[in-house]
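Each remark here refers to the structure printed beneath this line.
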Amino acid sequence: MAETRHQKATIVIVDDEENMGVILSRILRMEDYHVTPFSDPAKALDYIKATPPNLVITDMRMPGVSGMDILRAGREAGPGTNVIVMTAYATIEKAVECMREGAFDYITKPFKTDELLMTVNKAVAHTRLVLENESLSDTLNRQAGMDVNMVGTSAEMKHIDDMLARVAPTDSAVLIRGESGTGKELVAKALHQLGKRRKKRFVAINCASIPENLLESELFGHEKGSFTGADRTKMGLMELAHEGTLFLDEIGELPLSLQSKLLRVLQEREIQRVGGVHTIPVDIRLVAATNRSLRAAIAAKEFREDLYYRLNVIEIKLPALRDRTGDVAVLAEHFLGKICKRMKRTCLTISAEAIEALEKYAFPGNVRELENVIERCIVLSEGPEIELEDIPQDIRRAVEYGLDVATAQSGGYPAITADMEKNRAERAPQEFRDARDNFERDFLNKALTAAKGNVSEASRTTGLSRRHFYEKMDKLGMRDEK
């Protein structure tokens, strides 16, 4: 039963001692809770399954149906139901067993009223938090559309598709490696959507984007009052991802202090909020991603080796776009349709010359860069087709002069040297070079004729410097002809 801010929290009390149910009901109704007591645990079991409440308070030792049966029914009712167990036979072993089975907390008989209310209020607040996060997660997933379409026909992408088909149905931890922009989060989403946890949450966090002093609270959550500014209890992303998938992007940037805590979560399958005293069971599939060498980080004492082996059960290495033969054209067409639809524009086409230029470019930013380039072309294009001239100048220049990936990744393009001009000329088809040289020779001759042979005047009218004009004449053999 989903609770809103304007509804009373619903509580079911299960105790074979009828008087205990009456006393608890009276106390809780004074706090404005909606309470339904049961002295018959079998009837309570049916009620909980049919009408899941926000909280169940159950005795442990009862005839027929045990408190553990009630506890399990409450946990199976969904994330909107918490369970508190009561026992007069409290032991450390029994408390641990209850908590491992998913109880929110336990109280011992006889209990004090203020302690009871404090525990109940915390449990109800936790339920409200879960439901709010559930609603937010559903909204975000709908907005994101969980688009996990892996586009590409290259042999490299067929290998990735095969890996996804084999790995997704398992719960094994996965480490995704690849350069920035290769689609690591898309692969993580595909693992979730193709797996058995697809009906649960996919929760993602970038370890490099959150300050270290806030990251622990984001991952593990915190209790109210645990530090300055903690004015309310907050559920962490690991708890939010319970029974779903947790994606840790840029895992190599996770601080060492949190690496040990993450390792403990993977080993013990439980977390403890900042400022909390109880452990909380979590069942998550962990998918991590990095664009750096974790082995190098281990050698530099920046990453725990034991955590690396826990994460690297299955490794998926994503190829750079420049290594995906034939996929640039396929991706460009895909992004054209996707972006035009988003912008509510008639879908554009892209010319063969523009595709050829894109295919020759190194794309240091990989698929993400290609998508951005296509969007820019769509926005700036004035016709129904994206032409070569619509492709950004820095890409055309990089292709024309054969700049390598390292140069492109540096973020700037050097001045054109004589060797680069020579390399460009050697790459150009002979027919094109001849046509270009004939055009330039005719252009310069006409300028010289109009200027009556005065090179300074001819260079002025053509917009070339006098030195550059002479260099062109030398290159075209025009001075030898004079």
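Along the sequence shown, the residues carry numbers beginning at 1. For the numbers below, each heavy atom of this structure counts, side chains included, while hydrogens, waters and symmetry mates do not.
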- Item | Ion pair E223/K122, N-O distance below 4.0 Å | no

- Message: Taking L117's backbone N and O only, do any of them form a donor-acceptor pair with N121's side chain (distance below 3.5 Å, no angle check)?
- Response: yes

- Message: Measuring only between side-chain heavy atoms, which start at C-beta, is V187 closer than 4.5 Å to L164?
- Response: yes

- Quick one: are N291 and E179 in side-chain contact, heavy atoms under 4.5 Å? no

- Using atom types as modelled and distance alone, determine if a side-chain donor or acceptor of T170 lies under 3.5 Å from a backbone N or O of V167. yes

- Query: Side chains of F303 and Q259: does their closest heavy-atom pair fall under 4.5 Å?
  - Reply: yes

- Task: Would you check if V124 and Y33 make a side-chain contact, meaning some heavy-atom pair closer than 4.5 Å?
- Result: yes

- Tell me, do L71 and R75 make a side-chain contact under 4.5 Å, heavy atoms counted? yes

- Message: Checking the side chain of N366 only, and the main-chain atoms of L321 only, is there a donor and an acceptor separated by less than 3.5 Å?
- Response: yes

- Looking at OG1 of T81 and CD1 of I48, how far apart are the two atoms once the value is rounded to the nearest 0.5 Å? 8.0 Å

- Message: Measuring only between side-chain heavy atoms, which start at C-beta, is V282 closer than 4.5 Å to L246?
- Response: no

- Who are the side chain to side chain contact (heavy atoms under 4.5 Å, CB included) partners of P392, not counting sequence neighbours? V373, R376, C377, D394, I395

- Can you list every salt bridge (charged side-chain N to carboxylate O under 4.0 Å, His left out) pair that touches residues 309-321, not counting sequence neighbours? R177-E315

- Does the distance from a Lys or Arg side-chain N to an Asp or Glu carboxylate O, for R201 and E243, drop under 4.0 Å? no

- Which pair of non-hydrogen atoms, one from R368 and one from S180, has the smallest distance, and what is that distance? NH1-OG, 3.2 Å

- Where does the angle between the aromatic ring planes of H192 and F202 fall among parallel (under 30°), tilted (30 to 60°) and perpendicular (over 60°)? tilted

- Message: Counting C-beta onward and ignoring hydrogens, is there a side-chain heavy-atom pair between V379 and M343 closer than 4.5 Å?
- Response: yes

- Answer yes or no: is there a donor N or O on one side and an acceptor on the other, between the side chain of R72 and the main chain of D69, under 3.5 Å? no

- Message: I want to check something: taking the side chain as every heavy atom from C-beta on, are I391 and E353 in contact at a cut-off of under 4.5 Å?
- Response: no

- Has the side chain of K184 got a donor or acceptor atom that lies under 3.5 Å from a matching backbone atom of A288? no

